[in-house]
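Below is one structure, written out as structure tokens, with a few remarks after it.
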Number of protein chains: 2
Amino acid sequence: MKKKILIHDVANHLDVSIATVSLVLNGKAKEKRISDELAERVLRYVEEVGYKPNQLAKSLRTGKTNVIGLVVEDISNPFFATVAALIEQKALARGYHIIYCSTNDDAAKTRDLLSVFQARHVDGYILALPAGVEEEVRALVRSGKPLVLFDRLLPGLLTNAVVVDGASGMYDATRHLLGQGYTNIALVTARAGQLQMASRAQGYAQALRERGLPELVQEIAFPQVPEHILQEMETFFAAHPACHAVIFATNYLGVYGLEALGRLGRRIPAEMAVVSFDDNDLFRLYSPPITVVAQPMEAMAEESISVLLAALESPNTEGTGRMVQLQLAPQLVVRGSSLRLTS
Amino acid sequence: MKKKILIHDVANHLDVSIATVSLVLNGKAKEKRISDELAERVLRYVEEVGYKPNQLAKSLRTGKTNVIGLVVEDISNPFFATVAALIEQKALARGYHIIYCSTNDDAAKTRDLLSVFQARHVDGYILALPAGVEEEVRALVRSGKPLVLFDRLLPGLLTNAVVVDGASGMYDATRHLLGQGYTNIALVTARAGQLQMASRAQGYAQALRERGLPELVQEIAFPQVPEHILQEMETFFAAHPACHAVIFATNYLGVYGLEALGRLGRRIPAEMAVVSFDDNDLFRLYSPPITVVAQPMEAMAEESISVLLAALESPNTEGTGRMVQLQLAPQLVVRGSSLRLTS
DNA sequence: GTGAAAGCGCTAACAT
DNA sequence: ATGTTAGCGCTTTCAC
């Protein structure tokens with residue numbers, strides 16, 4: 001049990017006051033006209049004994065924790081895991097740390113998480129939230145803490161946000177399938193009341209409407225036990241034998257969809273053309289490779305953290321600060337799963 | 001900018017002292033014989049105005065943060081992402097929060113992270129570390145903070161640990177391939193000096209030794225740019241045309257391996273039988289499905305957090321505490337990728 | 001049963 | 001140029 005060394009000990013040993021040590025450590029030496037020689041001596045000793053200021057005390061005093069709260073739907077989802085890893089890396093490079101939590105799309109859990117983050121005095125928030133927490137987020141904004149919504153907006157909430165234009169992504173995907181000659185195109189989406197799902201569905205609907213074709217939408221309730229999801233999908237596909245093309249609105253739906261189609265023995269793309277939102281290893285390496293609407297994850301991470309840090313470091317502590325709403329373009333990556341075989 | 005409510009405000013409003021409020025809030029009301037009526041009144045008002053104690057101040061005072069530092073190799077790796085999600089969930093259920101960071105297998109970055117966690121006074125650590133930080137971890141142990149190594153041990157370090165018996169997993173996998181009639185079995189592993197890699201390689205070697213068969217091991221340096229990894233693999237496979245079975249020592253090697261084999265046009269399992277360590281969606285849904293050595297992720301998460309919390313809540317603050325080393329059994333999941341086609 | 005007061009370790013305004 | 005000191009918000013001992 002090594003005894004923790006304190007600023008007091010450092011000051012004592014060097015025979016200076018703790019204020020001097022503190023000032024040197026916080027880069028205020030010049031400003032306070034502390035001799036370079038002394039400053040150097042302090043730094044050297046601190047390094048030597050490995051003194052690390054107690055961040056709790058520091059934060060309590062300064063009101064700044066250098067911690068960012070990251071709230072995602074599910075950290076084990078490859079999309080969120082990847083974006084989280086990128087955000088972590090970028091935040092670290094700028095001296096910030098991340099506390100993350102998964103909501104599992106549960107509003108009650110999310111409320112708890114937000115309140116815990118608040119109690120821990122995180123400096124700012126990056127949030128991908130479930131529906132139903134608008135009031136809490138509004139309060140958060142009012143509290144003056146910087147925050148950026150990512151992946152999805154919240155209805156009736158005007159704040160910093162970094163999202164992907166799912167409507168145009170889905171529109172492109174649907175047009176692509178239409179271009180391949182498919183006319184009976186299904187959309188499998190999540191029933192979750194999430195705004196980004198609605199906009200994806202809208203892009204799909206618009207492409208069909210332009211051609212006067214009917215929609216065929218299957219909503220899957222989430223979260224749910226995998227076996228049920230698979231069964232819902234199998235039932236759906238079985239009930240629509242005329243449907244030979246399907247778009248999955250998220251990566252996990254796509255994964256379940258492939259499994260369901262596999263169970264039904266449907267050959268891709270011969271018997272069923274497939275497109276999924278989100279890209280991942282599975283889609284890329286599947287046989288055939290799956291056509292996807294890829295989200296720009298690197299850009300989402302970069303923009304989210306940039307917008308947040310800009311707000312964090314802006315001088316206007318009042319709520320008058322500027323607001324940034326970014327909408328990034330996804331990219332349709334055409335692969336074998338959606339190509340009409342030459343007949 | 002809503003004004004933050006303090007314990008002081010609560011006490012003032014109720015016309016009691018802050019001590020009373022604090023005691024009630026910390027469940028010491030009975031012990032201190034505070035009237036039920038008063039306690040009830042405090043609780044109700046606290047609830048009403050949504051008072052949340054400042055965790056920084058609380059932690060500074062009590063020395064307890066209720067935060068656990070989780071250090072993994074890469075949070076975007078499905079294995080770590082899944083285990084992290086499980087650990088987070090289990091920790092939350094017990095009132096603890098997680099700060100996580102990825103090491104990217106970089107010893108210097110890891111040293112930084114550990115030191116930051118220390119400065120933030122996390123209550124305990126769950127660690128999957130790169131080689132080269134033994135000294136720091138030893139110091140951490142000496143400092144008396146509970147810690148559990150997971151996924152991998154560190155050479156010469158005796159601490160709490162939850163790992164998987166990679167040797168027996170690989171032994172089983174190799175025996176399985178031998179049983180299918182393969183004799184020229186390659187192992188593709190990561191050159192990283194990690195103990196769990198060594199033990200996996202050893203299981204493979206032992207199975208071959210028992211049959212008097214030669215080893216064929218390819219080490220891939222990590223981390224590295226994807227394109228290089230693919231090329232290294234392709235070169236390796238091209239250089240060993242007699243090799244018709246391969247085992248990948250981790251999930252990411254397996255993913256790259258499938259891509260490399262795909263590029264080379266090798267059919268699985270007809271031209272190359274494939275087994276990978278770790279299971280994931282890709283392996284499960286690939287055509288053919290990939291035989292894997294699956295790690296018990298749920299159990300790893302559960303045991304890691306249990307061991308840590310046990311240490312955290314044990315009364316012996318001295319280093320005399322008990323030490324737990326758990327080795328969990330992985331499970332060979334045989335799928336189509338490793339089955340000899342009936343000829 | 002309840003309240004006053006002493007810190008936890010640090011920063012920064014104010015003295016000197 | 002450097003030292004003194006008053007908090008940051010909370011917990012908890014000890015006196016009433």
Side-chain angles (χ1 to χ4, degrees), chain A residues 3-43 45-46 49-67 116 118-123 143, chain B residues 3-43 45-46 49-67 116 118-123 143:
Chain A
K3 213 181 93 212
K4 199 82 189 146
I5 169 164
L6 306 179
I7 195 170
H8 184 81
D9 305 327
V10 174
N12 267 7
H13 179 95
L14 293 174
D15 234 2
V16 299
S17 90
I18 57 171
T20 307
V21 177
S22 174
L23 291 172
V24 170
L25 253 33
N26 290 292
K28 306 239 168 74
K30 284 263 155 336
E31 187 180 317
K32 289 294 187 169
R33 305 147 156 282
I34 287 170
S35 72
D36 286 3
E37 185 267 325
L38 212 196
E40 181 58 34
R41 211 149 56 84
V42 170
L43 258 12
Y45 183 69
V46 161
V49 298
Y51 165 70
K52 292 269 174 187
N54 180 330
Q55 286 297 327
L56 292 171
K58 188 167 181 165
S59 295
L60 178 58
R61 184 62 236 242
T62 61
K64 197 159 186 318
T65 54
N66 274 274
V67 170
V116 167
Q118 237 170 322
R120 289 200 187 291
H121 288 238
V122 302
D123 288 342
S143 83
Chain B
K3 212 182 92 213
K4 197 83 189 143
I5 169 164
L6 307 179
I7 194 169
H8 183 80
D9 305 326
V10 174
N12 267 8
H13 180 95
L14 294 174
D15 234 5
V16 299
S17 91
I18 57 172
T20 307
V21 177
S22 174
L23 291 173
V24 169
L25 253 33
N26 290 291
K28 305 240 169 73
K30 284 265 156 336
E31 188 179 318
K32 289 294 185 172
R33 304 147 155 283
I34 287 169
S35 72
D36 286 4
E37 185 268 324
L38 213 197
E40 180 57 34
R41 211 150 56 85
V42 170
L43 258 11
Y45 183 69
V46 161
V49 297
Y51 164 70
K52 292 269 174 188
N54 180 331
Q55 287 298 328
L56 292 171
K58 187 167 181 163
S59 295
L60 179 59
R61 184 60 237 245
T62 61
K64 195 154 188 325
T65 54
N66 274 274
V67 170
V116 168
Q118 236 171 323
R120 288 201 187 289
H121 289 236
V122 302
D123 288 342
S143 84

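So you know, we letter chains A, B, ... as the sequences are listed, proteins then strands, and number each from 1.
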What integer distance in Å separates [X]:[atom1] from [N]:[atom2]?
X	N	atom1	atom2	value
A:Ile7	D:dT5	CD1	P	17 Å
A:Lys64	D:dC8	NZ	C1'	16 Å
B:Leu6	D:dG7	CG	P	15 Å
A:Glu37	D:dA1	CD	P	13 Å
B:Lys4	D:dC8	NZ	C1'	14 Å
B:His8	D:dG7	NE2	C1'	14 Å
A:Gln118	D:dG9	CD	P	15 Å

Can a donor-acceptor pair be found, under 3.5 Å and without considering hydrogens, that links the side chain of [X] to the backbone of [Y]?
X	Y	result
A:Asn26	A:Ser22	yes
A:Thr62	A:Lys58	yes
A:Ser59	A:Lys64	yes

Note to self: If you apply the rule side chain to side chain contact (heavy atoms under 4.5 Å, CB included), what do you find for A:Val10 with A:Leu6, and how did you get there?
What the structure shows: CA-CA 7 Å; A:Val10 174; A:Leu6 306 179; over 6 Å; no
Item checked: Sugar-phosphate, base or nothing in reach of B:Leu60, heavy atoms under 4.0 Å -> base
Margin query: Once you apply a heavy-atom cut-off of 4.0 Å, does B:Leu56 come out as touching a base, just sugar-phosphate, or nothing?
Written below: nothing
Next item on the list: Enumerate the residues from residues 24-36 of chain B whose closest heavy atom to DNA chain C is under 4.0 Å, giving them by residue number; use none for an empty result.
Entry: B:Lys32, B:Arg33, B:Ile34, B:Ser35
Next item on the list: Taking heavy atoms of chain B and a 4.0 Å limit, find me the 5'-most and 3'-most nucleotide of DNA chain C within that range.
Entry: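 The contacted stretch runs from C:dG1 to C:dG9.
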Margin query: When you measure from the side-chain N and O atoms of A:Thr20 to the phosphate of D:dG3, is any distance below 4.0 Å, counting only OP1 and OP2?
Written below: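 The answer is yes; a side-chain N or O of A:Thr20 sits under 4.0 Å from OP1 or OP2.
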Notebook entry, point to check: Would you say a side-chain N or O of B:Tyr51 is under 4.0 Å from OP1 or OP2 of D:dG9?
Noted result: no
Next item on the list: For the helix from C:dG1-D:dC16 to C:dT16-D:dA1, figure out the bend between the end axes, five pairs an end, and round to 10 degrees.
Entry: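 Result, rounded to 10 degrees: 50°.
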Please examine the side chains of [Y] and [X], heavy atoms only from C-beta on, and report whether any two atoms are closer than 4.5 Å.
X	Y	result
A:Ile18	A:Asn12	no
A:Val46	A:Val42	yes
B:Lys30	B:Asp36	yes
A:Tyr51	A:Asp9	no

Next item on the list: Please figure out whether B:Leu38 or B:His121 has its closest DNA chain C nucleotide nearer the 5' end.
Entry: B:Leu38
Item checked: Upstream residue (5' side of DNA chain C) when A:Ala19 and B:Asp15 are each assigned their closest nucleotide -> B:Asp15
Notebook entry, point to check: Under the side chain to side chain contact (heavy atoms under 4.5 Å, CB included) criterion, do A:Arg120 and B:Asn66 qualify, and how do the steps go?
Noted result: CA-CA 11 Å; A:Arg120 289 200 187 291; B:Asn66 274 274; 3.9 Å; yes
Margin query: B:Leu38 vs B:Val24, test: side chain to side chain contact (heavy atoms under 4.5 Å, CB included). Steps then yes/no.
Written below: CA-CA 9 Å; B:Leu38 213 197; B:Val24 169; over 6 Å; no
Notebook entry, point to check: Would you say the side chain of B:Arg61 and the base of D:dG9 hold a donor-acceptor pair, judged only by whether the two atoms sit under 3.5 Å apart?
Noted result: no
Notebook entry, point to check: Does the side chain to side chain contact (heavy atoms under 4.5 Å, CB included) test come out yes or no for A:Asn54 and B:Leu60, once each step is laid out?
Noted result: CA-CA 9 Å; A:Asn54 180 330; B:Leu60 179 59; 4.1 Å; yes
